[in-house]
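Take a look at the structure below.
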Amino acid sequence: MLSKFANKSFFLRLGSGICLIALILLTIIPGGKVLFAANLLISLIGVYELYKVFGIEKNSLGITGYLFTLIYYGLIYFGTVKQGEILLAFIAAFLIVLLAQYVFFFPKYKTEQISNTLLGMIYAGILLSYIYLIRQGMDGKYTVWLIFLCSWGSDTCAYVAGVALGKHKMAPVLSPKKSIEGAVGGVIGAAALGAIYASVFSEKLNVPGNPIVIFAVICAVGALISMVGDLAASAIKRNHEIKDYGYLIPGHGGIMDRFDSVIYVAPIVWILLEIAQKLA
């Protein structure tokens, strides 16, 4: 069994993963401006990686995407993005500017490039920002870790369960190594991690109801969502015939390779926490 884990690739991923976790701790624990700057940087790199895949990373569409990512984070910093109308107006303005470029530079750009510019900014820019938004919210210094329990925690549990028990392929075309047994192990493992985490910090949480049950449910749902995020990122790579989004993180690839499930999970955790508060 141990021989399945003992390979150079695994230890490379483990080493860079430990360094990445250390950086996550150094930014999320203090929160505030430190996390804001880190979250902005990660989003910009993620947007760049997607734009590079789409072939728009250096043209005016890509520059517009980077600019609107900065504007969006400016709205976050001043707290206005929490107002739904502001966010909708921001997305509408972004689309209007892209369509204006489409018209004025016609026929330089294709409609697919306009769509990809919008997709990349929302995908890596807006969705990933929920790490910072959750950290700044109620009990944020505790609830923000649910994102990583759902994504990286479930991923680790799924990997172990898949190597030990995996027989039935979950998505043979997109990700041949993923198994149904691994997926089940990931969901159960994430739920267990959420329950354990809540039991340790239950006295410090203001979450209504039973935090152990609530966190277990959030982590179980988040684990399912994280798998979709992982496969969605894989689908984009398959469509564009690339192996990795980048080489920033040894053994993992780029930001989009390592944060693919985090991106999907972060807004879901925020939504579930909001629902838990309102149902109290």
Side-chain angles (χ1 to χ4, degrees), residues 13 17 20-21 24 28 39 42-54 69 115-116 118-135 143-159 161-162 169-180 182-191 193-194 217-240 242-246 248-249 251-275:
R13 286 174 59 87
L20 183 60
I21 290 173
I24 293 294
I28 290 183
N39 210 155
I42 292 173
S43 286
L44 284 171
I45 295 174
V47 172
Y48 171 79
E49 289 178 351
L50 282 170
Y51 285 178
K52 188 174 182 180
V53 171
F54 299 145
T69 300
S115 300
N116 287 339
L118 185 63
L119 169 65
M121 188 274 156
I122 294 176
Y123 191 2
I126 293 179
L127 298 188
L128 197 54
S129 71
Y130 279 87
I131 296 175
Y132 175 78
L133 292 174
I134 292 175
R135 176 62 179 85
T143 56
V144 69
W145 300 108
L146 292 177
I147 298 172
F148 301 97
L149 291 177
C150 293
S151 53
W152 294 351
S154 68
D155 186 46
T156 301
C157 293
Y159 178 79
K169 302 297 183 183
M170 182 174 70
V173 177
L174 282 178
S175 188
K177 294 183 179 181
K178 294 187 184 300
S179 65
I180 295 176
V184 173
V187 173
I188 294 175
L193 289 173
V217 171
I218 289 176
C219 284
V221 174
L224 288 171
I225 297 298
S226 74
M227 295 176 195
V228 178
D230 189 7
L231 293 174
S234 296
I236 293 174
K237 290 191 288 186
R238 293 277 182 176
N239 281 340
H240 294 271
I242 62 171
K243 184 179 183 297
D244 294 313
Y245 285 99
L248 184 63
I249 309 172
H252 294 270
I255 289 295
M256 292 301 300
D257 294 292
R258 181 65 276 185
F259 285 82
D260 49 5
S261 56
V262 172
I263 291 172
Y264 255 61
V265 166
I268 295 300
V269 170
W270 184 85
I271 291 171
L272 292 176
L273 287 171
E274 288 289 311
I275 291 174

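Because the structure is predicted, anything quoted here is derived from the model rather than measured.
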* Is there a donor-acceptor pair under 3.5 Å between the side chain of Glu49 and the backbone N or O of Gly246? -> no
Are [X] and [Y] side-chain neighbours, meaning at least one heavy-atom pair lies under 4.5 Å?
X      : Y      : result
Leu128 : Ile131 : yes
Arg135 : Asn39  : no
Tyr48  : Val53  : no
Ser154 : Ser226 : yes
Thr143 : Trp270 : no
Ile268 : Tyr264 : no

Exercise: identify the closest heavy-atom pair between [X] and [Y]:
X      : Y      : value
Gly46  : Ala124 : C-CB, 3.6 Å
Gly120 : Val47  : O-CG2, 3.8 Å
Thr69  : Ser43  : CG2-CB, 4.5 Å
Tyr245 : Ala233 : OH-O, 2.7 Å

* **side-chain contact (heavy atoms from CB on, under 4.5 Å) involving Ala161 - partner list, sequence neighbours excluded** => none
* To do: Please report the C-alpha distance between Trp145 and Ile134 in whole Å, then the side-chain angles of each, then the deciding distance to 0.1 Å, and finally whether the side chain to side chain contact (heavy atoms under 4.5 Å, CB included) criterion is met.
  => CA-CA 9 Å; Trp145 300 108; Ile134 292 175; over 6 Å; no
* **Partner of Cys219 by side-chain contact (heavy atoms from CB on, under 4.5 Å), out of Val187, Leu146, Leu193** => Leu146
* Among Ile28, Val269, Ile218, the one residue meeting side-chain contact (heavy atoms from CB on, under 4.5 Å) with Ile147 -> Val269
* Asked: Do Phe259 and Trp152 have ring centres separated by under 6.0 Å?
  -> yes
* **Candidate list Asp244, Asp155, Asp230, test salt bridge (Lys or Arg N to Asp or Glu O under 4.0 Å), partner Arg258, passing option** => Asp155
As an exercise, state the distance from [atom1] of [X] to [atom2] of [Y], rounded to the nearest 0.5 Å.
X      : Y      : atom1 : atom2 : result
Ser261 : Met227 : OG    : CE    : 10.0 Å
Phe54  : His240 : CZ    : NE2   : 5.0 Å
Ser129 : Ile122 : OG    : CD1   : 11.5 Å

* Salt bridge Asp257-Lys243, side-chain N to carboxylate O under 4.0 Å -> no
* **Contacts of type side chain to side chain donor-acceptor pair (under 3.5 Å), residue Lys52, not counting sequence neighbours** => none
* How would you list, by chain and number, every residue that makes a side chain to side chain donor-acceptor pair (under 3.5 Å) with Ser151, sequence neighbours excluded? -> none
* **Derivation of the side chain to side chain contact (heavy atoms under 4.5 Å, CB included) call for Val228 and Leu224** => CA-CA 7 Å; Val228 178; Leu224 288 171; over 6 Å; no
* Asked: Please walk me through it: do Met256 and Ile45 pass side chain to side chain contact (heavy atoms under 4.5 Å, CB included)?
  -> CA-CA 9 Å; Met256 292 301 300; Ile45 295 174; over 6 Å; no
